[in-house]
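Here is the structure we will look at.
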Amino acid sequence: MSGSTPDGVDEAEWFAGPVRGIARPWRDDLARRLAAVTALDRVERDVVLEAGHTALLRSLHAKLSRLLLVELHALRLAGGAGPDAGGAADTRTWAAFIEQAGAEGYLGKLAGRYASVGPRIAAVARMSVAATAGFAQRLAADRELLRPLLGGPAGPVHAVTFGAGDSHRGGLTVSRVDFSGGSVMYKPRPSEADVALGALLDELFTDFPGAPASDERIRVPRTVACEGHGWAEFVHHRYCADDVELAAFYRNVGHWLAVLRFTGGTDMHAENMIAAGPVPVIVDAETLFDSPAPFPPSGRGDAVDVAAAAIRRTVLRTGLLPVRGTGFALGGVDISGVGALPGQQPLIPSPVIADGGTAAARFHVDLVAMPTAGNHPSPTPVLSAYWDRILAGFREMTAHLHRPGVDPYRLLSRFEGAQARRILRPTQAYVDIGRMLWHPASLHDEAAAVERARDILRRNAEVLPGAPTERAAIDGEIADLLAGDVPLFGFTVDAAAVRNTVEDWRTADLALEESVIQDALVGAYLNERSLPARVQEAARDPHARDRERRRRELAARMVRRLCDGGVRGEDGTVTWISPVFTPAGWSIRVLPADLYTGQGGVVLTLAEYAAEVRAGRAEEVPGVTETLEGALRVLMSTEDRTPTPSAGAFSGAASQVWTWLALHRVLGEDRLLERAAARAVLLEGRLVEDDVEVDLLNGAAGGIVPLLNLASATGQERWLAAAAQIGRRLTGLATVDASGARWTTRLNPEGIGGFAHGATGIGWALTRLALSDAGAAAERHGWAHLAELAFAYQESLYQPDHGNWLDVRIGAEEDFFTSWCHGSAGIGVGMLDLHRRTGDPAHLDMARRAARACAAEGFGWSHTLCHGDLGLWQFLTSMNVGDPADLDGEILTSLEQRGPVGGLAREAFSPSLMSGLSGVVHTLLRMHRSASLPDPLVLD
């Protein structure tokens with residue numbers, strides 16, 4: 001399945017011969033046009049010619065490869081290579097096709113099947129030739145203007161590289177020019193905005209308190225603005241030399257966030273920022289004065305709309321802060337200026353030609369690593385160690401902009417008359433549609449393909465306010481895509497744009513802005529395994545004196561904070577803005593419906609608090625009932641109106657089933673049980689059949705126990721049948737070898753141990769299934785056996801010298817954990833649950849070893865159920881390890897001394913059950929020995 005031949009021919013060159021033949025007339029045309037640019041000498045013209053021709057070849061190869069592959073197979077099926085050709089390793093057919101496709105007039109022979117291919121290629125080539133010739137003319141005319149950028153005369157042209165970024169407006173691309181005197185970047189667009197931004201920074205730092213040295217502060221490249229285009233200094237990437245420079249770099253990132261929030265900047269992704277030692281340099285300032293379009297009502301409640309609008313106004317829109325993509329091509333990918341961390345990016349699909357050079361050649365989608373950019377100040381950036389620097393930089397620059405006597409209108413008026421760009425659709429959407437328009441089927445019937453593209457863009461605009469909706473505008477986008485360009489929308493900055501930007505900045509909620517900065521930085525981490533070593537900070541002199549009063553006061557304080565942190569709508573609905581964990585990673589969002597970091601877990605906690613108040617075990621707190629009712633409405637509408645992403649017990653459909661069952665237990669209302677059954681229908685269909693997550697938290701295994709609980713509560717056998725179907729799927733997906741059974745998942749393709757994501761949790765679910773009436777007796781026996789193999793795999797990871805189980809996730813920086821999600825606490829709660837149900841001494845032995853590991857490491861990590869002290873407390877309390885009063889005292893004292901400390905989010909506000917404030921409230925309520933609350937750790 002390789003994309004290249006054994007002798008090292010790159011996949012991009014498989015059809016190089018035919019493409020060169022197709023492009024030859026256009027090379028000749030370009031050479032004639034360049035000959036007229038006499039201000040460039042012959043060698044320089046040849047350099048430009050080769051660069052322009054190479055760019056055209058690359059463009060045509062990408063556009064025509066699918067068509068050429070189809071024609072290759074047409075020749076194979078027709079037997080055009082002779083009677084001896086055939087077989088997967090057939091190279092004769094390939095050679096015969098390359099010879100035919102390289103012959104003069106080949107495109108004309110295809111006109112009957114692909115009527116539009118000739119005119120389309122001609123359009124692309126004409127634009128490429130015109131763009132290259134126009135560049136050469138500007139280069140010749142402007143050479144002397146480049147002295148300030150190079151610090152002296154430019155000298156001869158040594159190299160030109162076209163295609164730095166997307167192609168716009170007739171094949172124009174940002175390009176690099178290397179002279180003997182240095183390098184510059186050519187920008188085929190008006191560059192007055194870059195010049196104005198540089199002047200703004202100069203003025204801001206004139207009287208900035210404790211201003212960095214001029215060569216250590218944020219800046220843009222020195223730019224020469226010409227008529228309709230510009231030339232910019234080439235910024236060399238350099239890693240920081242030491243910790244002092246790293247700290248300065250991240251403080252400077254905070255300065256940029258404040259300046260971009262002030263100027264309405266967007267799209268400052270990884271390729272638009274260069275790390276030059278301690279200075280992050282923004283190299284493309286065309287997307288300023290952004291004006292977010294209002295979204296239509298979501299139907300999920302006014303609170304959701306208010307919260308979503310608030311997020312869209314914050315610094316999150318700058319593109320500097322980590323945000324993960326959700327589409328197919330970039331699902332889970334972070335392209336932000338400060339994020340895109342090495343080791344924290346998923347692999348992305350990339351089409352390549354597999355088995356090139358043979359008759360079996362075909363398009364194949366490989367998973368490849370994201371290319372690295374020059375945005376990082378270190379080869380192994382430790383962003384989490386500098387979160388406070390970023391926030392401090394934002395605060396100090398924001399304060400500087402707000403100081404008395406500053407006239408923001410005057411500061412921004414220098415941009416009036418400059419051209420700016422507005423991003424109305426994601427570039428990836430254009431890339432995907434453009435690829436479709438060059439598919440052989442589209443070249444065969446262009447009219448049908450254009451209508452498909454028109455429909456896609458029209459439907460895209462329905463969910464993307466601000467995107468073009470008029471037929472003429474959409475047809476303009478399609479015309480650009482047919483010619484290989486990415487559509488571009490520009491506008492002239494005027495007094496109204498300045499006024500709107502200033503008013504948006506003046507009315508910003510700075511507390512929310514700071515919270516979003518802190519929360520968003522969590523999103524840079526897809527795999528918490530790669531975080532720096534955690535800092536353990538156990539409570540000082542923990543004690544259990546006056547335990548009940550302290551428990552009640554802390555619970556009341558935390559639930560009040562939970563209620564106060566909600567976003568409220570005029571219709572009484574309530575939701576929250578928070579870092580949310582999705583299958584694509586962490587992201588700042590309005591809460592989704594799930595149990596783990598979503599609305600479901602918060603609603604359950606509020607219901608528990610209200611129930612404990614009625615039972616006399618918690619203090620009355622004003623507003624809890626109203627917050628619960630408003631949040632419950634949002635939960636129901638969110639489930640009804642948004643797609644459920646997975647089957648999992650904490651992030652997907654099973655989490656919804658379990659949440660409604662738990663609410664039914666707490667509140668006792670029959671409608672809640674009916675709601676659980678309605679959500680369980682999702683676990684009878686495609687979510688399970690198409691599941692690739694597999695595990696307990698995100699995947700199909702998580703559906704088993706909630707379905708068993710639902711069957712018990714309703715007496716309906718259909719839910720047993722649904723659970724059995726999951727058991728059959730898990731059986732088919734298991735990897736069984738000498739070490740036992742494990743399951744490969746999307747996030748952990750190696751197969752791992754542990755409860756939330758690994759073999760122990762899946763084995764626990766299978767054992768629960770085997771203990772039920774689901775399936776046939778033989779199947780239940782098979783599930784029980786497979787579960788034992790899963791536990792055997794977990795045991796193969798046990799290391800007696802450490803008294804704990806090895807964590808074998810790829811990218812390890814720690815080998816042993818005591819958390820619920822990946823460590824001994826999760827193994828322990830699962831095994832203790834099974835021992836109570838079966839009496840099996842092997843399960844109890846594992847639980848006891850897990851308890852010893854947890855007790856040995858101790859407390860002091862975070863106040864979370866998933867990966868912190870609260871999960872540890874619950875497990876050790878259940879195992880009767882130590883004095884319960886001492887365990888309670890550890891949690892109470894720590895909360896009093898440190899306040900609630902989250903996991904990845906640390907001090908950032910998270911309302912969630914498994915990794916935030918709701919988990920703290922839940923645990924404090926559970927701490928009362930008479931409380932009988934649902935247990936999310938084992939879905940009880």
Side-chain angles (χ1 to χ4, degrees), residues 528-529 531 533-539 542 695-697 739-740 742 748 751-764 767 788 790-809 812-836 840-884 886-891 894 903 914-915 919 923 935-938:
E528 76 275 15
R529 196 78 198 278
L531 280 173
R534 300 172 297 165
V535 177
Q536 188 173 20
E537 187 178 338
D695 65 11
L696 204 64
L697 195 144
S739 63
R742 63 189 184 278
N748 298 292
I752 60 172
F755 193 71
H757 299 286
T760 295
I762 299 173
W764 168 82
T767 303
E788 290 304 317
F791 302 145
Y793 172 73
Q794 184 68 66
E795 285 289 64
S796 74
L797 304 178
Y798 188 74
Q799 295 195 2
D801 290 347
H802 289 87
N804 204 345
W805 290 267
L806 182 67
D807 185 343
V808 293
R809 281 175 294 162
E813 290 192 12
E814 288 190 61
D815 293 328
F816 300 93
F817 281 83
T818 57
S819 58
W820 169 83
C821 48
H822 286 292
S824 49
I827 295 169
V829 296
M831 292 300 102
L832 180 60
D833 178 70
L834 293 184
H835 172 70
R836 288 172 172 172
D840 189 332
H843 297 330
L844 181 59
D845 175 67
M846 285 186 74
R848 284 174 172 164
R849 280 182 283 140
R852 287 195 292 271
C854 291
E857 181 167 291
F859 294 88
W861 300 117
S862 69
H863 299 114
T864 63
L865 285 169
C866 176
H867 38 263
D869 291 355
L870 304 187
L872 194 64
W873 172 87
Q874 182 171 321
F875 172 48
L876 294 178
T877 301
S878 301
M879 286 292 295
N880 296 315
V881 173
D883 186 338
D886 291 341
L887 295 174
D888 292 356
E890 184 74 44
I891 299 298
S894 178
M914 294 302 293
S915 61
T923 301
D935 181 2
L937 296 189
V938 288

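This structure is a prediction, so every number in the text was calculated from the model and none was measured. Below, each value reflects all heavy atoms present in this structure, side chains not excepted, and no hydrogens, waters or symmetry copies.
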Pair F859, S894 - check side chain to side chain contact (heavy atoms under 4.5 Å, CB included), show working. CA-CA 9 Å; F859 294 88; S894 178; over 6 Å; no
How about V829 and Q874: do any of their side-chain heavy atoms sit closer than 4.5 Å? no
So the salt bridge (Lys or Arg N to Asp or Glu O under 4.0 Å) pairs with at least one residue in residues 792-801 (sequence neighbours excluded) are E795-R849
Check your understanding: Would you say the side chain of E857 lies within less than 4.5 Å of the side chain of L872, judging by non-hydrogen atoms?
Key -> no
message: With heavy-atom distances below 4.5 Å as the criterion, would you say the side chains of W805 and T760 are in contact?
response: no
Q) Are any non-hydrogen side-chain atoms of F816 and L806 less than 4.5 angstrom apart? A) yes
Open item on the list: With heavy-atom distances below 4.5 Å as the criterion, would you say the side chains of L697 and C821 are in contact?
Closed with: no
- Are H757 and R809 side-chain neighbours, meaning at least one heavy-atom pair lies under 4.5 Å? no
Tightest non-hydrogen contact, residues V881 and L887, listed as O-CD1, 3.4 Å
- prompt: Going through the distances and angles, do H863 and T923 end up as a side chain to side chain contact (heavy atoms under 4.5 Å, CB included)?
  reply: CA-CA 10 Å; H863 299 114; T923 301; over 6 Å; no
Would you call the rings of F791 and H843 parallel, tilted or perpendicular if under 30° counts as parallel and over 60° as perpendicular? perpendicular
Original post:
Where the side chain of W820 meets the backbone of L937, is there a donor-acceptor pair that is under 3.5 Å apart?
Top reply: yes
Notebook entry, point to check: Within the side chain of Q799, is there an N or O that forms a donor-acceptor pair under 3.5 Å with the backbone of N804?
Noted result: no
Nearest heavy-atom contact between L865 and P936 is CD1-CG, 4.4 Å
Rounding to 0.5 Å, atoms CD (Q794) and CZ (F755) come to a distance of 11.0 Å
Residues R742, S796; criterion side chain to side chain contact (heavy atoms under 4.5 Å, CB included); working and verdict: CA-CA 11 Å; R742 63 189 184 278; S796 74; over 6 Å; no
For A759 and A790, the nearest pair of non-hydrogen atoms, with its separation, is O-CB, 3.5 Å
Shortest non-hydrogen pair, E890 vs A539, comes out as OE2-N, 3.4 Å
| said: Whether the side chain of D869 engages the backbone of W861 through a donor-acceptor N/O pair (distance < 3.5 Å, no angle test) should be reported. | reply: yes
query: H867 versus F817: any side-chain heavy-atom pair under 4.5 Å?
result: no
Taken in chain and number order and not counting sequence neighbours, the residues that satisfy ring pair (Phe, Tyr, Trp, His ring centres under 6.0 Å) with Y793 are none
Rounded to the nearest 0.5 angstrom, the CD1-OG1 distance for I762 and T767 is 12.0 Å
Rounded to the nearest 0.5 Å, the NE2 atom of H835 sits from the CG atom of D840 at a distance of 8.5 Å
Looking only at heavy atoms, the pair that brings G803 and A853 closest together is O-CB, 3.3 Å
Between the CG atom in L844 and the CE atom in M879, the distance rounded to the nearest 0.5 Å is 6.0 Å
Heavy atoms of A847 and G828 approach each other most closely as CB-O, 3.9 Å
Is there a side-chain contact between T864 and L870, using heavy atoms and a 4.5 Å cut-off? no
